[in-house]
> 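Structure in structure tokens, see below.
All values below were derived from every heavy atom in this structure, side-chain atoms included, with hydrogens, water molecules and symmetry-related copies excluded. First listed ligand is number 1; within each ligand, the first listed atom is number 1.
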Amino acid sequence: MKEQVNRRTFLTQTAALGAGLTILKPGILKAGNSPNEKLNIAAIGVGGRGADDLNEVKNENIVALCDVSETNLAAAAKKFPQAKTYSDWRKCLDQKDIDAVVCATTDHTHAFVNVWAMNRGKHVYCEKPIANSVQEARIVRETYLE
Ligand SMILES: NC(=O)c1ccc[n+]([C@@H]2O[C@H](COP(=O)([O-])OP(=O)(O)OC[C@H]3O[C@@H](n4cnc5c(N)ncnc54)[C@H](O)[C@@H]3O)[C@@H](O)[C@H]2O)c1
């Protein structure tokens, strides 16, 4: 994983995405000195909102795309042909070069994607809600704080 990433740019871009949640592991993102330093991003859920989110981070390196819908995945892959494609987000998160994940799947998957991504050292932007229950939300928080 890249050690040098541009924190300001990532925060600016993810803030522009709207009402989602940005989860950043403290102390990991560092200000980049070169304009060539970009985040390697995986987009999980690339349909409606996910397509908009992808557009907001299109200037980063989009290295992975994941969706259970072949139609939505194909549409995203057409825009980002260099990205690897997945139908299973667990396999997507095993891709080693991913710095950050943008998650816009359906609500009931958010907590799982968040926790798996953070457990693999990846930063996460996730559409709301963070989780589907208080118990799930607590697990996401605990994973963030670990
Ligand atoms: N649409 C909005 O304006 C809006 C605004 C704020 C937040 N959100 C949130 O964004 C999320 C997505 O909303 P949407 O309107 O784009 O929904 P959507 O159903 O149009 O898109 C969800 C996408 O995720 C894919 N997906 C579903 N389960 C998946 C899985 N297990 N693995 C991989 N891909 C999977 C679907 O195939 C689809 O492409 C929701 O959690 C929603 O609450 C949406």
Side-chain angles (χ1 to χ4, degrees), residues 1-3 5-29 31-32 37-146:
M1 182 166 63
K2 283 183 185 173
E3 289 299 315
V5 288
N6 189 325
R7 188 172 197 268
R8 183 183 300 267
T9 301
F10 185 63
L11 289 173
T12 303
Q13 288 180 336
T14 53
L17 296 181
L21 171 74
T22 305
I23 304 171
L24 293 170
K25 285 280 204 180
I28 296 177
L29 288 179
E37 287 174 351
K38 293 185 177 185
L39 288 169
N40 286 343
I41 290 186
I44 301 178
V46 295
R49 185 73 175 180
D52 293 341
D53 291 350
L54 253 178
N55 196 44
E56 296 290 346
V57 293
K58 67 184 177 193
N59 292 326
E60 302 297 327
N61 293 323
I62 309 302
V63 296
L65 301 166
C66 176
D67 205 295
V68 290
S69 159
E70 288 180 9
T71 306
N72 291 346
L73 187 60
K78 201 171 174 184
K79 291 180 188 164
F80 302 98
Q82 77 284 2
K84 293 181 184 170
T85 55
Y86 300 88
S87 59
D88 185 332
W89 58 264
R90 296 165 299 184
K91 289 182 180 167
C92 177
L93 289 177
D94 280 339
Q95 188 175 318
K96 300 294 181 215
D97 63 347
I98 295 167
D99 296 318
V101 173
V102 174
C103 175
T105 52
T106 39
D107 296 3
H108 64 277
T109 59
H110 289 183
F112 297 92
V113 173
N114 288 333
V115 167
W116 278 55
M118 284 192 285
N119 279 340
R120 283 155 183 74
K122 302 174 196 320
H123 312 287
V124 184
Y125 170 87
C126 186
E127 285 295 338
K128 60 86 183 163
I130 187 173
N132 250 8
S133 67
V134 171
Q135 184 187 19
E136 280 184 1
R138 285 183 175 146
I139 292 169
V140 172
R141 181 175 179 273
E142 283 163 17
T143 306
Y144 170 75
L145 292 174
E146 278 172 6

> Can you tell me which portion of Glu127 lies within the under-4.0 Å heavy-atom range of ligand 1? Options are side chain, backbone, both, or neither.
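Under 4.0 Å from ligand 1, Glu127 contributes side-chain atoms alone.
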> Only heavy atoms count here, so choose which of His108, Arg49, Arg90, Glu70 is nearest to atom 2 (C) of ligand 1.
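Looking at heavy atoms only, the winner is Arg49.
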> Can you tell which part of Asp107 has a heavy atom less than 4.0 Å from ligand 1: side chain, backbone, both or neither?
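The answer is both.
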> Which is closest to atom 37 (O) of ligand 1 in terms of heavy atoms, Val46, Asn72, Asp67?
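Selected option, by shortest heavy-atom distance: Asp67.
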> Quick check against the 3.5 Å criterion: does Gln95 have a side-chain atom that pairs as donor or acceptor with the backbone of Ala42?
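Judged by distance alone, no pair lies under 3.5 Å.
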> Just verifying a value: how many Å separate Thr143 OG1 and Asn114 CG, rounded to the nearest 0.5 Å?
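Between Thr143 OG1 and Asn114 CG, I get 9.0 Å after rounding to 0.5 Å.
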> Does any N or O atom in Thr105 lie less than 3.5 angstrom from one in ligand 1, N or O only?
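N/O-N/O distance under 3.5 Å: yes.
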> In Å, rounded to the nearest 0.5 Å, how long is the span from CD1 of Ile139 to OG of Ser133?
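So the CD1 of Ile139 and the OG of Ser133 are separated by 7.5 Å.
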> What's the spacing between Ile98 CD1 and Cys92 SG if we round to 0.5 Å?
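It is 4.5 Å, given to the nearest 0.5 Å.
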> Between His110 and ligand 1, find which residue part has any heavy-atom pair under 4.0 Å and reply side chain, backbone, both or neither.
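It is the side chain that gets close, since no backbone atom is under 4.0 Å.
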> Looking at Lys128, which atoms of ligand 1 are within less than 4.0 Å of one of its heavy atoms?
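With Lys128 as reference, the close atoms of ligand 1 come out as 6 (C), 7 (C), 9 (C), 41 (O), 42 (C), 43 (O).
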> Between Asp99 and Lys38, is there a side-chain N and carboxylate O pair less than 4.0 Å apart?
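No salt bridge links Asp99 with Lys38.
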> Output the list of atoms in ligand 1 that are nearer than 4.0 Å to some heavy atom of Ser69, sorted by atom number.
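With Ser69 as reference, the close atoms of ligand 1 come out as 37 (O).
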> Taking only heavy atoms of Trp89 into account, list the atoms of ligand 1 that are under 4.0 Å away from them.
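By the 4.0 Å cutoff, the relevant atoms are 31 (N), 32 (N).
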> How long is the straight-line distance from CG of Asp97 back to CD1 of Ile41, given to the nearest 0.5 Å?
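Output value for this atom pair is 12.0 Å.
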> If you apply the rule side-chain contact (heavy atoms from CB on, under 4.5 Å), what do you find for Gln82 with Ile62, and how did you get there?
CA-CA 8 Å; Gln82 77 284 2; Ile62 309 302; 4.1 Å; yes
> Before signing off on this row, confirm whether Cys66 and ligand 1 have an N or O atom pair separated by under 3.5 Å.
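No: no nitrogen or oxygen of Cys66 is under 3.5 Å from one in ligand 1.
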> Would you mind running through ligand 1 and noting each atom that sits below 4.0 Å from a heavy atom of Thr109?
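Selected atoms, number and element: 31 (N).
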> Step by step, work out the side-chain contact (heavy atoms from CB on, under 4.5 Å) result for Lys84 and Val63.
CA-CA 6 Å; Lys84 293 181 184 170; Val63 296; over 6 Å; no
> Below a 4.0 angstrom heavy-atom separation, can you tell me which part of Val68, side chain or backbone, both or neither, approaches ligand 1?
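Both the backbone and the side chain of Val68 come within reach of ligand 1.
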> Please work out which of Cys103, Ala43, Ala76, Ala104 has its closest non-hydrogen atom nearest to atom 23 (C) of ligand 1.
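Going through Cys103, Ala43, Ala76, Ala104 one by one, Ala104 has the nearest heavy atom to atom 23 (C) of ligand 1.
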> Measure the spacing between NZ of Lys122 and CG of Asn40 and express it to the nearest 0.5 Å.
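Rounded to the nearest 0.5 Å, the NZ-CG separation comes to 9.5 Å.
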